[in-house]
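Report on one structure; see the data block that follows.
Naming convention: chains lettered A, B, ... in sequence-line order (proteins, then strands); numbering from 1 in each chain.
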Amino acid sequence: MANGKDTEARPARDADDRENGERYDPSTVEAKWQATWDREGTNRFTDQELRAPENPFYNLMMFPYPSAEGLHVGNIYAFTGADVHGRYQRLQGKQVFEPIGFDAFGIHSENFALKVGTHPMDLIPRNVANFTRQLRRIGGMFDWDHTVDTTTPEYYRWTQWLFLQLFKGGLAERKEAPVNWCPSCMTVLANEQVVGGLCERCDTPVEQRRIAQWFFRISDFAERLLTNLEHIDWSRTTRKAQENWIGRSEGAVLRFPVEGTQETLEVFTTRPDTVFGASYMVLSPEHPLADAVTTPERRTETEAYRERAAKMDVVARQKTEKDKTGAFTGGYCRNPATGERIPIWIADYVLMEYGTGAIMAVPAHDERDFEFARKFDLPIPRVIAAEGEDASTPLPEAYTGPGRLVNSGEFDGLEVEEGKRRITSHLAERGLAEARVNYRLHDWCISRQRYWGPPIPIVHCDACGAVPVPEEELPIILPRVEDFKPDDSGVSPLARVREWYETSCPSCGAAARRETDVSDTFLDSAWYFLRYPSAGQDEAAFDPEITRNWLPVDCYIGGNEHAVLHLLYARFITMALHDLGHVDFEEPFTQFRAHGLIVREGAKMSKSKGNVIVPDPIIEDYGADAFRLYLMFLGPFEEGGDYRDAGIQGPFGFLKRLWETVVPVEDLTEGAPDPEVERKLHQTIEQVSRQLPELGYNTSIAALMEYLNVVRSGGRQAARAEIEPVIPMVAPFCPHIAEELWARLGHEGSVFDGRSWPDFDPAKAREETVTVAVQVNGKVRATLELPAGTPEEVVLEQARAEPNVARYLDGAELRRVIHVPDRLLNLVVG
RNA sequence: GCCGGGGUGGCGAAACCGGUAGACGCAGGGGACUUAAAAUCCCCCGGGAGCAAUCCCAUGCGGGUUCGAGUCCCGCCCCCGGCACCA
């Protein structure tokens, strides 16, 4: 390892150029240290270290999809922010495991491969190589011995294993259900991948299809996924997004007997208190009983309506949001509360996917039912009255506020919440109701009719049904198929590869057929953090001992765009593995922090706008350190920032000045620091030590800049004791220059090893002289430079002596004096 | 509509527990050095009035609490994100 002594003696001053020493040349410094880290295997863990760590800290960031374009600024921003945190932890004496990998399976890779006409098996390694080069260049503290690529059989073997565990645990099932079909991607999508009725990848309106698909029973975990959010240390925004997605609502299932049959219609409602006002029923057009309740004379119209609804995609349905449509079936139910006969309608404003696919309509107290009743001239009986209101007047709109029950028989006068409880239990006695919690969260559809993913390890046998592939036969290798274009058939391109799918049943040995669907990419990323520390082990997906040592992840940093996709799935998979006895924790990420978004000069970056920042040339010109520093300085890390091209000048100048302050090391003053500078130093140490662990990067950097300005003020020569402690504080942001300067200051070994972080001494940070603001009636009229701890009487005396204070006191009565020691004196006069 | 997060100079932002609003940086202006430029260094930089001392205004808008409010409370407006015919 290099140190100051190894470097060339200072060249004679280059009069032309600068005053002394050699110029800060980031490319040389960075190349040198990257080579050193590489050579020495810095930040790489051996198997032994993973098995017996001393002070482990698992620092995780979201692994990238290796696109052909290379790393974009968003990646670099996220990785740098996470790396700064990892390096900070390292400086605090933690053994920091900081892995990176590649999320290279999935539709995005496959689509790109189709577009450029290159097979993904050829394309991905190229992109991975390019990403690796870029990731090294930005100076991340990555453990290159524990990287993963989800497309390698060594990895997806275990993804398939994971599927089998869930299958055996009863958490994976194949069922025919309405699923989201993207006609452009030609595959089904999970609900989480449909945004506003559009495919999140290509913005094509999604169709509903009924195809048998593999689902993971994530909805069984809804309550735990929700309640655990309360005790994990996650960004509020992310927790709230998951809460919204899980969508818990408390209510009841009510049963309405269908007239002329033994059937009952079940509805879910959050307002059982309004059941006396349920004046009609509405079934979703897809409801299984819709046909049975239809009378012969209504059949033509009802069927026409159902056909029309079936043809509409989700977007078209949403467009009609306010415009209610529907058809009367001719059938009737009995209101379980009133015994009244009420008509059954079908309408597309009732969704099959939610609740029971049927509702009791209470037009007086539900906006949608109100509109529907208005449109079809149905009665609007009111059963809730607001405080002090006359309940006999017709409603101009649905009343959904608080109040008391009216027209509700024995329940009249009850307040809404009480009414819910009493009516539910009353109906429950007759078997017509039960309290129920309903969730918006649906089971996770994980099968994809595409090529570029791990084949689902199931064999279909005519005799035995869906049979799991024995674990010892994994991986089921994804064959190289030249024609992997998806089609509209509803099956994967693998279904065209007979020699691949033809097999024998693992159970009975008869001729059988492999499952030809592959699994969703989000399954690959739902467990990769478990694999990292065990990467390279081939006995298990994750080694039990190593996993006990390192997991759950201590800190995870990533984008909030994955709040309800990746982050929810990863929690579910971990919870499932916990229940199946594979891990001893339920939550994978102890801490999660969502970083903000980088925009450029106020606008979102996008390829079409042509305002995307290309990082490589910037790094070439200013170095990775300056780029990292600038990105972290832009704004609060958790809020993002506005990238301005010229802005890097500030941080770059800081590094140049830092370099010039240290570099002819011989010029540094030995001995005691200047007391004023030392005071500022300790204030800086305090601030940085407090803010850095909380990702307060921009303010930490500002404090370091401020301190350097003090050190250099008036062109003074810095003392070693003044500047040396700065190096470890700069190191998380700018590891290369920090290593170099640390070495030049004569230290053996890396700045990240040992205890280089400066200690904060409050006594040294204390100000001897303070500025006290003197206010008169709350307005600052003067400031006083006083020794710290000056008593009130003295401050007051001095304040009175200030002409600009005295003029306000003159002739007025001093009514009150408020003294905040060492800060402020407020004189209240009347 | 519901649930989060925001709104502070020309710009990105800072401000601890309610105590001098605008630290740090960018851009801009002026100056030094230079034949010149780059680089570097120094000074100025919220708005208004004034020769100046100084004064007034100013943290989205309107109220309130307080000796004192960017910060706390009430009511609005706007921007960003999540959910959304979810019963």
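- Between A:Arg690 and A:Glu686, at least one side-chain nitrogen of the basic residue sits less than 4.0 Å from a carboxylate oxygen of the acidic one, meeting the salt-bridge criterion.
- Proximity note for A:Ala646 (side chain, C-beta onward) versus B:G81, B:U20, B:C26: the nearest is B:C26.
- For A:Asn826 (side chain) and A:Gly778 (main-chain N/O), a donor-acceptor pair under 3.5 Å exists by modelled atom type.
- A salt bridge links A:Glu243 with A:Lys240: the distance from a Lys NZ or Arg NE/NH1/NH2 to an Asp or Glu carboxylate oxygen falls below 4.0 Å.
- Here B:C83 presents its P atom at 11 Å from CD of A:Glu200, a figure rounded to the nearest Å.
- For A:Lys656, whose side chain is taken as the heavy atoms from C-beta onward, the closest listed nucleotide among B:C83, B:A87, B:U40 is B:U40.
- Residue A:Arg440 has a polar side-chain atom (N or O) positioned under 4.0 Å from OP1 or OP2 of B:A84.
- Taking atom P in both B:G18 and B:C73, the straight-line distance is 10 Å, to the nearest Å.
- For the residue pair A:Tyr354/A:Ser249, the side-chain donor-acceptor check at 3.5 Å is satisfied.
- Comparing B:U40 with B:A27, their P atoms sit 11 Å apart, to the nearest whole Å.
- Using a 4.0 Å cut-off between charged side-chain N and carboxylate O, A:Lys420 and A:Glu417 make a salt bridge.
- A salt bridge is defined here as a Lys NZ or Arg NE, NH1 or NH2 lying under 4.0 Å from an Asp or Glu carboxylate O, and A:Asp273 with A:Arg421 fails to meet this definition.
- Comparing the P positions of B:A53 and B:G30 gives an interatomic distance of 24 Å, to the nearest angstrom.
- Listed candidates were B:A21, B:A13, B:C83. Nearest to the side chain of A:Val780 is B:A21.
- Every side chain to side chain donor-acceptor pair (under 3.5 Å) that A:Asn804 has, sequence neighbours left out, goes to A:Arg807.
- With no hydrogens or angles considered, no side-chain donor-acceptor pair links A:Arg382 and A:Tyr399 at under 3.5 Å.
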Quick test: give all pairs of protein nitrogen or oxygen and nucleotides 3-6 of chain B nitrogen or oxygen below 3.5 Å, distance rounded to 0.1 Å.
{"residue": "B:G4", "atom": "O3'", "partner": "A:Arg236", "partner atom": "NE", "Å": "3.1"}
{"residue": "B:G5", "atom": "OP1", "partner": "A:Arg236", "partner atom": "NE", "Å": "2.9"}

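- Rounded to whole angstrom, the span from the CD atom of A:Glu367 across to the P atom of B:A84 amounts to 17 Å.
- Spacing of P atoms, B:A69 relative to B:G81, comes out at 35 Å, to the nearest Å.
- Between A:Lys324 and B:C85, a side-chain N or O to OP1/OP2 separation shorter than 4.0 Å is absent.
- For CZ of A:Arg800, the number of neighbouring non-hydrogen atoms (other residues, nucleotides, ligands) closer than 6.0 Å is 12 at most.
- Listed by chain and number, the residues in a side chain to side chain donor-acceptor pair (under 3.5 Å) with A:Asn335 amount to none (sequence neighbours excluded).
- Taking the O4'-C1'-N9-C4 or O4'-C1'-N1-C2 dihedral as appropriate, B:C74 has a value more than 90° from 0 and is therefore anti.
- The 5' end of RNA chain B is approached more closely, in terms of each residue's nearest nucleotide, by A:Asn709 than by the other of A:Asn709 and A:Ser713.
- Applying the 90° cutoff around 0 to the glycosidic angle, B:G9 is assigned syn.
- Using atom P as the reference point in both B:G47 and B:G29, the two lie 15 Å apart (nearest Å).
- Two residues, A:Val195 and A:Arg271, neighbour RNA chain B, and the one matched to the more 5' nucleotide by heavy-atom proximity is A:Val195.
- Counting any heavy atom pair closer than 4.0 Å across all strands shown, A:Thr783 reaches a base atom.
- Contact check on A:Glu660 versus A:Arg657 returns no salt bridge, with no Lys/Arg side-chain nitrogen under 4.0 Å from an Asp/Glu carboxylate oxygen.
- Using C1' as the reference atom, B:A32 and B:G25 are 23 Å apart when rounded to the nearest Å.
- For the pair A:Lys375 NZ and B:C85 P, the interatomic distance rounds to 18 Å; values are reported in whole Å.
- Annotation: B:C33 and B:G10 have their P atoms spaced 34 Å apart (nearest Å).
- Of the candidate nucleotides B:C86, B:A23, B:C11, B:C11 has the atom nearest to the side chain of A:Arg644.
- A close approach under 4.0 Å does occur between a side-chain nitrogen or oxygen of A:Lys779 and OP1 or OP2 of B:C57.
- The side chain of A:Arg807 approaches B:C55 more closely than any other nucleotide in the set B:U20, B:C55, B:C85.
- The interatomic distance linking A:Gln683 (CD) with B:A23 (P) rounds to 17 Å, in whole Å.
- A:Arg781 places its CZ atom 11 Å from the P atom of B:U54, with the value rounded to the nearest Å.
- Side-chain contact of A:Asp323 with A:Thr325: a donor-acceptor pair under 3.5 Å is absent, judged by distance alone.
- Put simply, CZ on A:Arg815 is 13 Å from P on B:G68, counting in whole angstrom units.
- In this structure, A:Trp245 places its CH2 atom 10 Å from C1' of B:G82, rounding to the nearest Å.
- Residue contacts for A:Ile359: at a heavy-atom cut-off of 4.0 Å it reaches a base atom on one of the strands shown.
- Between A:Gln687 atom CD and A:Glu706 atom CD the span is 7.0 Å, to the nearest 0.5 Å.
- Nucleotides B:C41 and B:C77 are separated by 47 Å at their C1' atoms, to the nearest Å.
- For the atom pair OG (A:Ser219) and CG (A:Asn438), the distance works out to 10.0 Å, reported to the nearest 0.5 Å.
- Taken together, the paired segments of RNA chain B that extend over three or more consecutive Watson-Crick or G-U pairs, each closer than 3.5 Å at both contacts, are B:1-7 with B:77-83, B:10-12 with B:24-26, B:28-32 with B:40-44, B:46-49 with B:54-57, B:60-64 with B:72-76.
- Relative to the ring axis of A:Trp659, A:Arg712 does not place its NZ or CZ within 45° and under 6.0 Å from the centre.
- Residue A:Asn560 is out of contact with every strand shown, counting any heavy-atom pair closer than 4.0 Å.
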Polar-atom pairs under 3.5 Å, protein N or O versus N or O of nucleotides 64-67 of chain B: list them with distances, or write none.
{"residue": "B:C67", "atom": "OP1", "partner": "A:Arg816", "partner atom": "NH1", "Å": "2.8"}
{"residue": "B:C67", "atom": "O2'", "partner": "A:Asn826", "partner atom": "ND2", "Å": "3.4"}
{"residue": "B:C67", "atom": "O2", "partner": "A:Asn826", "partner atom": "ND2", "Å": "2.4"}

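- Between the side chains of A:Trp245 and A:Glu192, at least one donor N or O lies within less than 3.5 Å of an accepting N or O.
- The stretch residues 689-702 of chain A touches RNA chain B through A:Asn698, A:Thr699, A:Ala702, each having a heavy atom within less than 4.0 Å of the strand.
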Checklist entry - Under the side chain to side chain donor-acceptor pair (under 3.5 Å) criterion, do A:Gln208 and A:Glu286 qualify, and how do the steps go? => result CA-CA 11 Å; A:Gln208 297 285 315; A:Glu286 299 87 21; over 6 Å; no

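- Following rounding to the nearest Å, A:Asn191 (CG) and B:C86 (P) show an atom-to-atom distance of 16 Å.
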